[in-house]
Every structure is written in structure tokens, then in C-alpha cells.
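Worksheet: the structure to be examined is printed underneath.
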Number of protein chains: 2
Amino acid sequence: MDNKASASSGEKILAAATRIAQAHGYGGLNLRTLAEEVGIKAASLYHHFPSKADLAAAVARRYADDSVATLEAIATEAGSPDACLRRYPETFRRSLERDNRICLCSFMAAEYDDLPAEVQAQIQVFADVNVAWLANVLQAGGIKREAAELRGRAIFAAVSGAQLMARGRADIALFDSIIESYQAAGLFASANP
Amino acid sequence: MDNKASASSGEKILAAATRIAQAHGYGGLNLRTLAEEVGIKAASLYHHFPSKADLAAAVARRYADDSVATLEAIATEAGSPDACLRRYPETFRRSLERDNRICLCSFMAAEYDDLPAEVQAQIQVFADVNVAWLANVLQAGGIKREAAELRGRAIFAAVSGAQLMARGRADIALFDSIIESYQAAGLFASANP
DNA sequence: ACCTGAACACCGTTCAAGT
DNA sequence: ACCTGAACACCGTTCAAGT
């Protein structure tokens with residue numbers, strides 16, 4: 001039977017790379033350090049991934065996939081559109097809870113211009129699925145399609161910014177307080193004023 | 001008489017370093033490339049700045065100082081608190097206009113944990129003066145001190161997030177559209193609902 | 001199939017040596 | 001006072017050589 005201790009080398013590399021990238025970004029992902037964590041030499045990494053760019057793209061792809069699953073779960077659990085919107089920031093908060101890590105894709109967005117193309121593509125996928133989920137929820141709440149798209153982008157950008165700022169201060173309470181302000185201002189409201 | 005052509009070496013280094021850091025962040029600031037742009041060798045940079053950390057801190061310090069001046073100018077020009085809030089995103093938009101560059105300090109916020117302490121300190125100063133300016137304007141608009149502080153942080157985080165997202169898409173119109181959404185939602189409103 | 005040591009061109013940084 | 005070439009320990013990456 002499978003268990004976590006018997007994870008394949010490729011899986012162990014991917015997991016460690018995700019952890020490092022969430023803390024230090026693409027540029028801060030050091031292959032010698034990564035290899036040491038996995039228990040092999042840096043040169044051996046190339047037997048599992050053709051390059052650092054491919055490894056990072058795989059990390060980002062799985063991150064985006066996991067996000068889709070999480071968002072779908074929220075949509076299923078939380079009945080109403082309003083409940084969905086209230087719970088949306090959870091996904092960003094969770095990263096901060098784990099050693100002040102940050103949403104992988106928001107993080108890499110800062111390095112965006114210097115990222116390999118295949119990593120850039122995955123960052124865009126992550127942003128797109130988030131905006132699409134938000135737009136869908138907002139539409140279900142009664143907002144017209146085009147307006148829901150615009151509002152979805154605004155919510156995604158705002159929550160990303162909150163996460164980035166809270167990380168700089170290493171203060172989750174700051175994240176919660178900013179989200180509360182957004183809610184009080186009506187940014188998450190599913191109906192237009 | 002002074003003119004731009006006769007700028008000192010220190011000033012030329014600072015200007016070039018600011019440009020590079022805005023485009024590539026701290027990690028992407030390459031001393032050999034920087035030196036070449038200025039017309040000297042990398043080793044010569046150390047005659048003007050004791051280290052890359054000190055150079056970056058000087059860049060960030062001047063960036064924060066310039067922001068203070070810009071915000072004060074806005075406060076003087078725009079009479080009402082509402083006009084101030086409407087114009088606030090200008091400072092972030094300006095960076096995007098210039099070759100899709102980004103607010104230096106929002107950028108470095110992503111690299112935050114890996115930055116030298118003296119650079120971190122300047123990033124915090126930048127965030128603090130922005131939040132203080134916003135809180136001040138909001139108070140003048142009739143919001144109580146504590147609530148104004150919270151709202152100021154929310155606006156700063158939201159506008160930073162909009163800038164980061166627009167940069168990833170290399171699309172200033174996206175920035176404008178997100179800011180409009182914020183305004184429509186009432187995030188910039190100087191009075192509580 | 002997977003791992004490795006040694007090498008490559010690159011980084012920030014130092015330093016002795018030049019003007 | 002300012003500049004430089006050469007060297008240092010570090011990066012991603014390659015490759016011949018091992019099991």
C-alpha cells in the first residue's frame with residue numbers, strides 16, 4: 001500500500017520545490033539546496049525534470065490544479081453565492097498560516113517578466129481559474145456576466161494584495177483586517193448598489 | 001550650472017539601479033549589467049556603495065522619499081478628500097506607464113523575506129507613509145481615526161494588487177478597470193455606508 | 001533507470017595594483 | 001579619489017562515468 005513515506009523521487013522533489021518556491025520565489029529556488037533536502041545531488045534532479053523551468057512549471061501547474069479542486073469544494077459546501085464569496089479568501093489565508101508562505105502564483109507574478117514562458121503560462125491559468133470561479137459565483141448572485149468578470153478580477157487583485165502586505169508584516173491578523181475592510185466596503189457584495 | 005548630463009557617478013548608479021530594480025526586483029539587479037550601463041566595471045561600484053544591499057536600500061529610500069513628495073503634492077493640488085482618493089492610484093499607474101515597471105516597494109514585498117534588513121526597513125517606510133497619507137485623507141473626509149487606518153491599509157493593499165496583476169498581463173487598461181471596480185464598490189468612499 | 005564528480009559560464013564580493 | 005583584473009565561493013547546467 002502507498003503511504004507518504006514511500007513517495008516517489010519525482011513527488012518528493014515536487015513537494016520540496018513547492019515549499020521553497022512559496023517561501024522564496026522562482027529566483028530563490030536553489031537547486032543545490034533542493035537536492036540536499038530530497039537527499040540527492042543537484043545533477044540528479046535533471047533525471048526527473050529537464051530543467052529548473054520545467055520543474056517550476058510543474059509546481060505551478062499542480063498548484064493551479066489544486067486551487068481548482070479547492071474552489072470547487074467551496075462551491076459545493078457553501079450553498080449561497082454570498083457564502084462562497086465569504087469563504088474565497090480562505091485559500092489565500094491558508095498559505096500565510098503555513099510559515100508565512102504566500103500564494104505561489106501571486107508570488108511569481110512579481111518576478112513575472114523574468115520567468116520562463118512555461119511558468120508564465122501556468123501563472124496565467126491560476127489567475128484565470130480564480131477569476132472565472134469568482135465571476136461564476138457573482139453571476140449566480142445576480143450580477144450580469146460582464147460586470148461579474150470585472151468584479152471578479154478586482155476581488156482577485158485585492159485579495160492578492162492583502163496577502164502580499166500581510167506577508168511583509170508577517171501578520172495574519174492584518175490579512176483578516178484588510179479582508180474585513182473589503183467586505184465592509186462592499187467589494188464582495190454579490191449585488192450592485 | 002548643473003544639468004542632467006553632468007550627473008555624478010553615484011547619481012547615475014542610483015538612477016540605473018532604480019530602473020533595473022523596478023523591472024527585475026532585488027534578485028534581478030545584476031551588478032555587472034548595472035556597471036556596464038553606467039560605463040564602469042562591477043568592482044568600481046563598491047567605491048560608491050559598500051554593497052548591493054546598501055545600494056538597494058538607497059534606491060528604496062529615495063523611492064519612499066519621492067512618494068512622500070508626490071503624495072503631498074496631490075494633497076495640495078486636489079482640494080477635497082474625495083479628489084485625493086480619486087487621484088491616489090496615479091502614483092501606481094505611473095510605474096506601469098513606464099515600460100510596464102512596477103512600484104519598487106510592492107515588487108520587493110514579494111522578495112521580502114530574502115531582502116537585507118536595511119532594504120526591508122525602507123519597504124516598510126514606504127508602506128507606512130502611504131497608509132498614513134490615506135488615513136489622513138480619510139479622516140479629513142469624516143472617518144474616525146481607527147477606521148481610517150484600517151481602510152487606508154485596505155486601499156494600499158488593493159491598489160498594490162491591481163498593479164501586480166496588470167503588470168502580469170502587461171495591460172494598463174486592466175489596472176484602470178480594477179481601480180474603477182474598487183471605486184464602484186465603494187472602497188475609496190470617504191464616508192461609511 | 002538513476003546517481004555522481006567535475007567542469008562550464010555565470011553571480012556578488014574582495015583586494016592588490018594601478019592612475 | 002576612482003578604476004580595474006584576477007580571484008573567491010556561489011549559481012544553473014552539462015556530461016562522461018559509474019551502479
Side-chain angles (χ1 to χ4, degrees), chain A residues 5-21 23-60 107-108 110-120 122, chain B residues 2 5-60 107-108 110-120 122:
Chain A
S6 68
S8 72
S9 289
E11 180 52 38
K12 274 164 71 181
I13 293 169
L14 213 50
T18 302
R19 205 161 358 96
I20 296 173
H24 306 286
Y26 180 78
L29 175 58
N30 181 316
L31 296 193
R32 282 178 173 86
T33 305
L34 169 63
E36 197 174 5
E37 259 183 50
V38 178
I40 56 178
K41 298 295 171 185
S44 307
L45 292 172
Y46 288 80
H47 223 275
H48 300 275
F49 297 93
S51 69
K52 178 177 172 176
D54 281 273
L55 170 57
V59 167
F107 198 130
M108 286 181 169
E111 300 174 289
Y112 193 79
D113 285 359
D114 296 313
L115 292 176
E118 57 265 51
V119 182
Q120 287 183 341
Q122 291 307 318
Chain B
D2 288 337
S6 67
S8 70
S9 289
E11 180 53 38
K12 275 164 68 181
I13 293 168
L14 214 49
T18 301
R19 205 161 358 96
I20 296 172
Q22 272 189 300
H24 307 285
Y26 180 79
L29 175 58
N30 181 317
L31 296 192
R32 282 178 174 86
T33 305
L34 169 62
E36 197 174 6
E37 259 184 51
V38 178
I40 57 178
K41 298 295 173 185
S44 308
L45 292 171
Y46 288 80
H47 224 278
H48 300 275
F49 297 93
S51 69
K52 178 177 173 178
D54 280 274
L55 169 58
V59 166
F107 198 132
M108 287 181 169
E111 300 175 287
Y112 193 79
D113 285 359
D114 297 311
L115 293 176
E118 57 264 51
V119 182
Q120 287 183 340
Q122 292 306 319

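The structure presented is a predicted model; accordingly, all values stated were derived computationally and were not measured. Residue numbers start from 1 in every chain, and the chains themselves are labelled A, B, ... in the order their sequence lines are given, proteins ahead of strands. Computation of the quantities below employed the complete heavy-atom set of this structure, encompassing side-chain atoms and omitting hydrogens, waters and symmetry-equivalent molecules.
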What is the separation between atom [atom1] on [X] and atom [atom2] on [N], rounded to the nearest whole Å?
X	N	atom1	atom2	result
E36(A)	dC11(D)	CD	C1'	15 Å
R32(A)	dT14(D)	CZ	P	13 Å
H48(B)	dT4(D)	NE2	C1'	13 Å
L45(A)	dT14(D)	CG	C1'	14 Å
L29(B)	dC11(D)	CG	C1'	16 Å
L31(A)	dC11(D)	CG	C1'	9 Å
H47(A)	dT13(D)	NE2	C1'	15 Å
K12(A)	dC3(C)	NZ	C1'	14 Å

Closest to the [X] side chain: [options]?
X	options	answer
A43(A)	dC3(C), dG12(C), dA6(C)	dA6(C)
N30(A)	dT13(D), dG12(C), dG12(D)	dG12(D)
I40(A)	dT13(D), dC3(C), dC2(D)	dC3(C)

For this session: Tell me which of A42(B) and K41(A) sits closer to the 5' end of DNA chain C, going by the nucleotide each one is nearest to.
Result: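 Closest to the 5' end, via its nearest nucleotide, is K41(A).
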Exercise. Within the structure, does a side-chain N or O atom of S44(A) lie under 4.0 Å from either OP1 or OP2 of dT4(C)?
Worked result: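 S44(A) to dT4(C) OP1/OP2: side-chain N or O found under 4.0 Å.
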Exercise. Between T33(A) and P50(A), which is nearer to the 5' end of DNA chain D once each is assigned its nearest nucleotide?
Worked result: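 Looking at the nearest nucleotide for each, T33(A) comes out on the 5' side.
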Problem set entry | Neighbour count above 12 (heavy atom, 6.0 Å) for E11(A) CD |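 Correct, the count exceeds 12.
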Problem set entry | Identified pairing partner of dT4(C), criterion: Watson-Crick or G-U wobble below 3.5 Å |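 In the structure as shown, dT4(C) has dA16(D) as its Watson-Crick or wobble partner.
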Exercise. Does dC10(C) have a Watson-Crick or wobble partner in any strand here, with both distances under 3.5 angstrom, and which is it?
Worked result: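 Paired with dC10(C), as far as the under-3.5 Å criterion goes, is no nucleotide at all.
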Donor-acceptor check, side chain of [X] to backbone of [Y], threshold 3.5 angstrom: yes or no?
X	Y	value
K52(B)	N30(B)	no
E111(B)	G27(B)	yes
S44(B)	I40(B)	no

Do any N or O atoms of the protein come closer than 3.5 Å to N or O atoms of nucleotides 17-19 of chain C, and which pairs are they?
none

Problem set entry | Name of the residue among L34(A), L31(A), V59(A) meeting side-chain contact (heavy atoms from CB on, under 4.5 Å) with I20(A) |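 When L34(A), L31(A), V59(A) are each tested with I20(A), the side-chain contact (heavy atoms from CB on, under 4.5 Å) holds only for L34(A).
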Problem set entry | H24(A) side, atom NE2; L29(A) side, atom CG - distance, nearest 0.5 Å |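 Reported value, rounded in 0.5 Å steps: 9.5 Å.
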Exercise. Roughly how far, to the nearest 0.5 Å, is the CD1 atom of I13(B) from the NE2 atom of H48(B)?
Worked result: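 H48(B) atom NE2 to I13(B) atom CD1 measures 4.0 Å (nearest 0.5 Å).
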